[in-house]
Amino acid sequence: MNKINTKSPQEQFEEQRQMLLNRGKFVEKDCTVSMFGANLYGILVALPFVTAVILAFVFGVNSVRHIVSFSIDLIIFAGILILSIPVHEGLHALFWGLARGSFKGIRFGVVVRALTPFCACAYPFRRIQYLIGLIAPFLVLAIGLCVAACLTGFWVLCAAAATNALLAGGDLLIAFRLIFSKGKYFLDHPERCGFVAFIEEKT
């Protein structure tokens, strides 16, 4: 019979952290930001992508679909955004699990004080594994909807793509930090936005 894991996310994080440090050849570097910082800087990081989505739609379609009913379009827009929230977190989990070859350690939650849902993993990643899961929601929900908007000329899809690009700002911020961080393994932090990088010591 498999034992039920009753350890808290922080306990699981510390356990994995110590396992890496006990190997004796890694030093750690904290690459996290607070939830407030992630939201603030994430918006700034996302703005160029939001602008690109809108410009791609404006210059990429021959004719914008006429608004038949503005209220119906708003309902469709709201429905897409509501569905985007669980899909966003599910894409993190799906692509992290596929990249690692295991869904073990993946968990979902909500930061109550910020009303922010999240998906995290208790086990360390290689750089490319972590990056794939980080940017998956942006690629599917922002870029994917942008392409759909350009193909259909439906402004609601463009608005949803731009909004999803903005919502992925925190992920993009972490992804850029990951790309430019040294390290062999990267451990998702259980309480802050970002990761701890484990860098091999030179001998």
Side-chain angles (χ1 to χ4, degrees), residues 29-35 37-57 60 80-111 114 116-151 157-198:
K29 181 181 179 182
D30 190 310
C31 299
T32 63
V33 294
S34 66
M35 185 62 67
N39 289 333
L40 175 61
Y41 296 120
I43 290 173
L44 297 177
V45 170
L47 282 178
F49 295 97
V50 173
T51 303
V53 165
I54 295 172
L55 291 177
F57 180 73
I80 292 174
L81 290 190
I82 292 171
L83 287 174
S84 293
I85 295 172
V87 171
H88 181 115
E89 304 307 331
L91 287 169
H92 282 313
L94 175 63
F95 281 85
W96 275 337
L98 292 175
R100 290 183 60 247
S102 172
F103 291 90
K104 184 178 180 181
I106 292 176
R107 67 183 187 283
F108 300 92
V110 176
V111 180
T116 304
F118 69 86
C119 174
C121 184
Y123 292 91
F125 294 94
R126 297 278 190 166
R127 188 189 308 273
I128 189 63
Q129 294 173 331
Y130 195 27
L131 183 62
I132 288 171
L134 276 175
I135 65 173
F138 172 75
L139 294 178
V140 175
L141 296 175
I143 303 301
L145 285 174
C146 179
V147 172
C150 291
L151 292 175
L157 294 179
C158 174
T163 305
N164 272 288
L166 191 63
L167 293 176
D171 297 333
L172 294 172
L173 174 66
I174 297 170
F176 283 124
R177 297 196 74 177
L178 174 67
I179 291 170
F180 294 104
S181 293
K182 294 181 180 180
K184 183 175 182 179
Y185 294 103
F186 303 88
L187 187 58
D188 209 28
H189 199 281
E191 296 179 346
R192 292 169 61 85
C193 291
F195 55 90
V196 174
F198 292 85

A.B. asks: For the residue pair Phe103 and Leu98, what are the closest heavy atoms and their distance?
C.D. replies: CZ-N, 4.1 Å
A.B. asks: Can you tell if the side chain of Cys119 reaches within under 4.5 Å of the side chain of Arg107, non-hydrogen atoms only?
C.D. replies: no
A.B. asks: Decide yes or no for Phe125 and Leu131: does some side-chain heavy atom of the first lie under 4.5 Å from some side-chain heavy atom of the second?
C.D. replies: no
A.B. asks: How many angstroms lie between OG1 in Thr32 and CG in Leu187, if you round to the nearest 0.5 Å?
C.D. replies: 11.5 Å
A.B. asks: Roughly how far, to the nearest 0.5 Å, is the CG atom of Asp171 from the CG atom of Leu91?
C.D. replies: 10.5 Å
A.B. asks: Measure the CD1-CG distance between Ile132 and Leu139 for me, rounded to the nearest 0.5 Å.
C.D. replies: 10.0 Å
A.B. asks: Measure the shortest side-chain to side-chain distance between Ile80 and Leu157 over non-hydrogen atoms and say whether it is less than 4.5 angstrom.
C.D. replies: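 With C-beta onward as the side chain, the pair touches.
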A.B. asks: Ignoring hydrogens and angles, tell me if any N or O in the side chain of Arg100 forms a donor-acceptor pair with the backbone of Ser102 under 3.5 Å.
C.D. replies: yes
A.B. asks: Testing Phe108, Tyr123, Tyr130 for ring-ring contact (aromatic ring centres under 6.0 Å, His included) with Trp96, which one passes?
C.D. replies: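 Between Trp96 and the candidates, ring-ring contact (aromatic ring centres under 6.0 Å, His included) is satisfied uniquely by Tyr130.
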A.B. asks: Arg127 side chain to Ser181 main-chain N or O, any donor-acceptor pair under 3.5 Å?
C.D. replies: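 It does hold such a pair.
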A.B. asks: Hey, what do you get for CG (Leu167) to CD1 (Ile43), rounding to the nearest 0.5 Å?
C.D. replies: 9.5 Å
A.B. asks: For the SG atom of Cys146 and the CG atom of Asn164, what is their distance to the nearest 0.5 Å?
C.D. replies: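 It is 11.5 Å, given to the nearest 0.5 Å.
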A.B. asks: How far does CD1 of Ile174 sit from CG of Asp188, to the nearest 0.5 angstrom?
C.D. replies: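 One gets 7.5 Å once the value is rounded to the nearest 0.5 Å.
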